[in-house]
Amino acid sequence: MADPKGFMTTPRQDWPRRPVEERVRDWDEVYVPGALLPIISKQADRCMDCGIPFCHEACPLGNLIPEWNDLVSREDWRAAADRLHATNNFPEYTGRLCPAPCESGCVLAINQPAVTIKNVEVAIADRAWELGFTPPRPPDRLSGRTVAVIGSGPTGLAAAQQLTRAGHTVAVYEKDDRLGGLMRYGIPEFKMEKHHLERRIEQMRAEGTKFRTSTAVGRDIGAAELRSRYDAVVVATGATAWRELDVPGRELTGIHQAMEYLPLANRVREGDLAVSPLSAAGKHVVIVGGGDTGADCLGTAVREGAASVTQLDIYAQPGGERDEDVDPWPTYPKIYRLSAAHEEAGELRTAPAANADARLFAASTLRFTGDADGHVRSLHLVEVDAQRRPVPDTGRTLPAELVLLALGFSGPDKEDGLIDQLGLELEPRGTLTRDARFATNVPGVFAAGDAARGQSLIVWAIAEGRAVAAAVDRHLTGSSRLPAPIGPYDRPMVV
């Protein structure tokens, strides 16, 4: 603890964002380059060295947060990078994409703004790359055992890196033409530039991990054949079966799933397309769904030059402070948050029908109507109460030429044949069945990440990858030194 009074003398200061008018004209990350490093040591000083660090409990990776806060406050970047990477394979991902439940669990957050844990994390990760503290770590010897990992999202990559470093020969199979899963084609560039993803993949290649892109297991290669080639298989395909909106007019042209829209925008950034065929340019856009995916669509539509963008959230607008009766510390509270995309939409007034930040809360879609050519032109909605019952005389209509459904995901996609060909059992909610050792009903086949847990956060995805790697290592060798931060039935802290 470098400054025992830091939490009393230093106010919280977050990584500043670039001006809205500047950042919406490009696709670079929204934060001011270089503005974090000058402030981060004093921010790390705010860590209290509390007796029981609940940030550990709030983080499924078990990140050693007080330790690397202290090291950053002393500007010992090498030691801080070592402690950070001891529990997290990809801190530059979580430092940008995780909503930071660790900060909700910060002891200081009981009565003050929490320590900027997420900002400290990303500062360490970026500094480690700049200073050469992240060299490849190939194994000293090979085990002679082989593992196939299906899916290259955060779970699959974390599992592959852990198993490769343990000495196993690992091949990652990805159905898309590039690696990264939703981090590649789902997360917009303004939230995480893809060079962060590329350099980790190059690190993994240097360590010995093999990658097979444009290979959908179950379609391009038989799942049973793949199983016969390897000593173990990890299914980490994610939860990509999107939820539908069953209302009249859903069949109209111009209504698309968010994960049909976002990948095309990312492919424009990759240079595959000059213009997205679903571009929002000049269109009145309505996004149905109030979560992070909806916010990603919002920021993307703003950058594409939409005529207007409105986001519908079926829940009532939350308050600005934690409700101790509903979400007591240290749980992750449901409070009003202003993402970069909402800040942009609010300042640019993209949604005249909304109050401030493009969101209409407590809004439920009733139906869509279109023109004579079958293209959507309007969305009809109604306000709802806390039980989602329509409130009388609150109906209204929004112009809608592009509608994006961001309603979440129910489990892994079953259309490619992987599940049926392997004979994997499913839970009633659509996720893969597994036991306490991450093992499915098929010998030698393990399931991890959103495919088995259900839709979750990136920090849980990486924790699942690390934990399943330990389970596979134990299955192959009889024991394992790999860390297993969570079990398959662990869940976030709730009341």
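Index from 1, following the sequence. Treat the numbers as computed from the prediction; the structure is a model and nothing was measured.
Looking at E207 and R165, a side-chain N of the basic residue comes within less than 4.0 Å of a carboxylate O on the acidic one, giving a salt bridge. Salt bridge annotation for D296-K191: present, with a cationic side-chain nitrogen under 4.0 angstrom from a carboxylate oxygen. Comment: R434 engages E464 in a salt bridge, judged by a side-chain N to carboxylate O separation of less than 4.0 angstrom. Between D126 and R199 there is a salt bridge, since at least one side-chain N of the basic residue sits less than 4.0 Å from a carboxylate O of the acidic one. Salt-bridge annotation for E304 and K283: absent, with no side-chain N of the basic residue lying under 4.0 Å from a carboxylate O of the acidic one. Between D82 and R78, no side-chain nitrogen of the basic residue sits less than 4.0 Å from a carboxylate oxygen of the acidic one, so the salt-bridge criterion is not met. Between E202 and R205, at least one side-chain N (NZ, or NE/NH1/NH2) sits under 4.0 Å from a carboxylate O, which counts as a salt bridge. Ionic pairing of R212 and E174 is not present here: no N-O contact between side-chain nitrogen and carboxylate oxygen is shorter than 4.0 angstrom. Using a 4.0 Å cut-off between a side-chain N of Lys or Arg and a carboxylate O of Asp or Glu, R437 and D435 qualify as a salt bridge. The pair R303-E344 meets the salt-bridge criterion, since a charged nitrogen lies less than 4.0 angstrom from a carboxylate oxygen. The pair K194-E270 fails the salt-bridge criterion, with no side-chain N (NZ, NE, NH1 or NH2) lying under 4.0 Å from an Asp/Glu carboxylate O.
At least one cation-pi condition fails for R200 and Y93: the charged atom is not both under 6.0 angstrom from the six-membered ring centre and inside a 45 degree cone around its axis. Annotation: cation-pi pair R337/Y332 present, NZ/CZ under 6.0 Å from the ring centroid and within 45° of its normal. Taking the ring axis of F133 as reference, the NZ or CZ atom of R127 does not stay both within 45° of it and closer than 6.0 Å to the ring centre.
Looking at heavy atoms from C-beta onward, P333 lies in side-chain contact with S104 at the 4.5 angstrom threshold. Between V233 and I150 there is a side-chain heavy-atom pair separated by less than 4.5 Å. Considering only heavy atoms from C-beta on, V20 comes within 4.5 Å of E343 through its side chain.
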request  = Could you check Y31 against W15 for ring-ring contact (aromatic ring centres under 6.0 Å, His included), going step by step and ending with a plain yes or no?
outcome  = CA-CA 7 Å; Y31 296 102; W15 192 359; 4.6 Å; yes
ask   = Please walk me through it: do T209 and T164 pass side chain to side chain donor-acceptor pair (under 3.5 Å)?
value = CA-CA 6 Å; T209 302; T164 296; 2.7 Å; yes
task = Start with the C-alpha gap between E103 and L108, add the side-chain angles, then the distance that decides, and say whether side-chain contact (heavy atoms from CB on, under 4.5 Å) holds.
result = CA-CA 9 Å; E103 293 188 15; L108 185 58; over 6 Å; no
request  = Please report the C-alpha distance between L407 and W242 in whole Å, then the side-chain angles of each, then the deciding distance to 0.1 Å, and finally whether the side-chain contact (heavy atoms from CB on, under 4.5 Å) criterion is met.
outcome  = CA-CA 7 Å; L407 302 171; W242 51 59; over 6 Å; no
D231/V147 under side-chain contact (heavy atoms from CB on, under 4.5 Å): CA gap, chis, key distance, verdict = CA-CA 6 Å; D231 296 312; V147 183; 5.9 Å; no
request  = May I have the step-by-step check of salt bridge (charged side-chain N to carboxylate O under 4.0 Å, His left out) for D26 and R18, ending in yes or no?
outcome  = CA-CA 11 Å; D26 61 42; R18 295 187 289 139; 2.8 Å; yes
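Here the side chain of Q311 pairs a donor or acceptor atom with the backbone of G289 at under 3.5 angstrom. Between the side chain of D416 and the main chain of L418, a donor-acceptor pair closer than 3.5 Å is present. Side-chain atoms of S228 come within 3.5 Å of backbone N or O of E225 as a donor-acceptor pair. The backbone N or O of M192 sits nowhere less than 3.5 Å from a side-chain atom of R96 that would complete a donor-acceptor pair. Remark: side-chain polar atoms of D70 are not paired, donor with acceptor, to backbone N or O of E67 under 3.5 angstrom.
More than 12 heavy-atom neighbours from other residues, nucleotides or ligands sit within 6.0 angstrom of CZ on R269.
At a cut-off of 3.5 Å, with distance as the only test, a side-chain donor of D473 or H168 sits close to an acceptor on the other residue. In this model, no donor atom of one side chain and acceptor atom of the other lie less than 3.5 Å apart for T146 and T169. Side chains of Q161 and N89: a donor on one and an acceptor on the other come within 3.5 Å. Using modelled atom types, one finds a donor on one side chain and an acceptor on the other under 3.5 Å when comparing H196 with E29. In this model, no donor atom of one side chain and acceptor atom of the other lie less than 3.5 Å apart for D177 and S214. R145 and S143 share no side-chain donor-acceptor pair at under 3.5 Å. For the 3.5 Å distance criterion, the side chains of T94 and N88 qualify, holding a donor opposite an acceptor.
Among residues at least two apart or in separate chains, ring pair (Phe, Tyr, Trp, His ring centres under 6.0 Å) pairs with a member in residues 439-488 are F446-H475.
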